[in-house]
Number of protein chains: 2
Amino acid sequence: MSQTPIWKTIALALTADIAEGRFATGDRLPTEAQLAATHGVNRHTVRRALAELARQGLVHPRRGAGVFVSAAATDYPIGKRVRYHQNISASGKIPGKRVLSLITRAADKTEAEALNLAPGDPVHVYDGLSLADGQPIAVFQSVFPAARLPDLPEALAENGSVTRALRRCGVADYTRISTRLTARAADAVQARHLHLIEGAPVLHSVGINADPQGHPVEYGKTVFAGERVTLTLDDDHG
Amino acid sequence: MSQTPIWKTIALALTADIAEGRFATGDRLPTEAQLAATHGVNRHTVRRALAELARQGLVHPRRGAGVFVSAAATDYPIGKRVRYHQNISASGKIPGKRVLSLITRAADKTEAEALNLAPGDPVHVYDGLSLADGQPIAVFQSVFPAARLPDLPEALAENGSVTRALRRCGVADYTRISTRLTARAADAVQARHLHLIEGAPVLHSVGINADPQGHPVEYGKTVFAGERVTLTLDDDHG
DNA sequence: TGGCATTTGTACGTATGTATA
DNA sequence: TTATACATACGTACAAATGCC
């Protein structure tokens, strides 16, 4: 006989509570002590259950504050000429971007290689957060060649849109020339931004965009909240 | 002051042990009791450290047996005309496939839709395991229209290669027409096959392959061991 | 086949540290 | 500053899976 562990039973109960809307996105769950009392178990058993929910990305604990319900899933189409803003609109959610930081500094070796620069050449680095319906779905970092795009930071600062900023700087169009994808565990910073816990699955995407002449104009890394996003690759380019 | 937790220190030490080859892939670590003794801490503290390593995919525990070191990373290029066998060879590892099961049954709604069939039409279902250097890197399920490919199971049983089996059944070439990618947490079965723990990040890929006339010939789901595989999308199709 | 030792998993208890509001 | 609430770490006991004999 393989008995179901108590913590699993509690985890399932809490999952149902969330699924059926008794706790909404952003809500705070009862404290561990309260949950332990109501289920008649030790607090550690509740912690084990909450750890499971956190691992699944359903909740994220914040020390000293409480345990909060995370966001639900989104669909995220990606194609050769698909841009972020259009993507989210297509899935019926309201998109958004938040600038986290915007600096100009020397390129490291990897960045230089990706952008066809020499290490040490100046690059603009744009760190930001992508939102859908106000919920964070991705953190990204875009690196641009500063010599070629001197006015980019001002253009980016206005509304955060990479496409629009590039257009204003004379890059009317661009195409993805390479993408690498991996599933990884979220680190502490990513987890914080994406309302996940450390260790939740995230989708790493590292890509290079180039102008029509094939010159790289952006080296971008994006970390998607794994269970909240599906990338759709349509071979719709002819 | 923010002191480093003991469990984190132990986790780092064990990570170094593995990185520097003191424990090789497939090796069993000392027991929790032994580790607790050598580090002079409670067994629970060691367990917390091991849980962290397991979460990162470095080790995987087996109740009653011990804690084992998992496999290291592989690169996995994917493109329109790239096939599995070629992929792994390109990264310098010896590829392999293991048939887990091979049955013929009625198609469910999703499978029927993907393959342009009616629900209930017969399909061949091929469950298998992909290996690199003998280490599991992916579990997959491929679904084929049985009416169109009556002799496929025999062809597949011989060496497991989908491309070769399809060729023998008259499909000389095929192309990926859609792909959906998500990062998820491994379930118990996937974890067992891939030598991961439940909850480790895995990359879900769901795709449809069609013959040159555009008729679907395969509906495939693949679950990659997230931190062991990188998908590379080269836009190398002209 | 069955039994036994080993090893990980679950569950309890208690105390103290640390981040947040 | 204080109270709250999650995090770490100690301890103990027993359950469950594995592997060997």
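Note on naming: letters A, B, ... go to the chains in the order of the sequence lines (proteins, then strands), and numbering restarts at 1 for each one. These numbers come from a predicted model, not from an experiment.
Distance A:His39 NE2 to C:dA11 P: 13 Å, rounded to the nearest Å. Whole-Å rounding puts the B:Leu53 CG to C:dT8 P distance at 14 Å. If you measure from atom NZ of B:Lys8 to atom P of C:dT18, you get 13 Å, rounded to the nearest angstrom. As rounded to whole Å, 12 Å separates atom C1' of D:dA17 from atom CZ of B:Phe68. Per the geometry, CZ belonging to B:Arg48 stands 16 Å off C1' belonging to C:dG9, to the nearest Å.
Using a cutoff of 4.0 Å between basic side-chain nitrogens and carboxylate oxygens, A:Glu32 and A:Arg47 are scored as salt-bridged. With respect to the salt-bridge test (charged N to carboxylate O, under 4.0 angstrom), the residues B:Arg105 and B:Glu111 qualify.
The neighbour count for B:Gln56 CD, taken as heavy atoms of other residues, nucleotides or ligands under 6.0 Å away, is above 12.
Judged by distance alone, with hydrogens and angles left aside, B:His44 brings a side-chain donor or acceptor within reach of the base of D:dT12, the pair sitting under 3.5 Å.
Within the structure, salt bridge (charged side-chain N to carboxylate O under 4.0 Å, His left out) pairs that include any residue of residues 183-193 of chain B comprise A:Glu227-B:Arg184 (at least two apart or interchain).
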What nitrogen or oxygen pairs link the protein and nucleotides 2-6 of chain D at under 3.5 Å?
residue: D:dC6; atom: OP2; partner: A:Glu32; partner atom: N; Å: 3.0

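Remark: the A:Ser70 side chain and the A:His60 side chain contain an N/O donor-acceptor pair separated by less than 3.5 Å.
Annotation: proximity of residues 186-201 of chain A to DNA chain D (heavy atom, distance under 4.0 Å) is found for no residue.
Residue B:Leu58 holds its CG atom at 11.0 Å from CG of B:Asp17, rounded to the nearest 0.5 Å.
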Audit row: A:Arg228, A:Leu196, side-chain contact (heavy atoms from CB on, under 4.5 Å) steps and yes/no: CA-CA 10 Å; A:Arg228 289 216 274 278; A:Leu196 299 170; 3.7 Å; yes
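Seen from the ring of B:Tyr126, B:Lys97 does not count as a face-on cation partner, given the 6.0 Å and 45° thresholds.
Side-chain nitrogen and oxygen atoms of B:Asn42 include none within less than 4.0 Å of the OP1 or OP2 phosphate oxygen of D:dA9.
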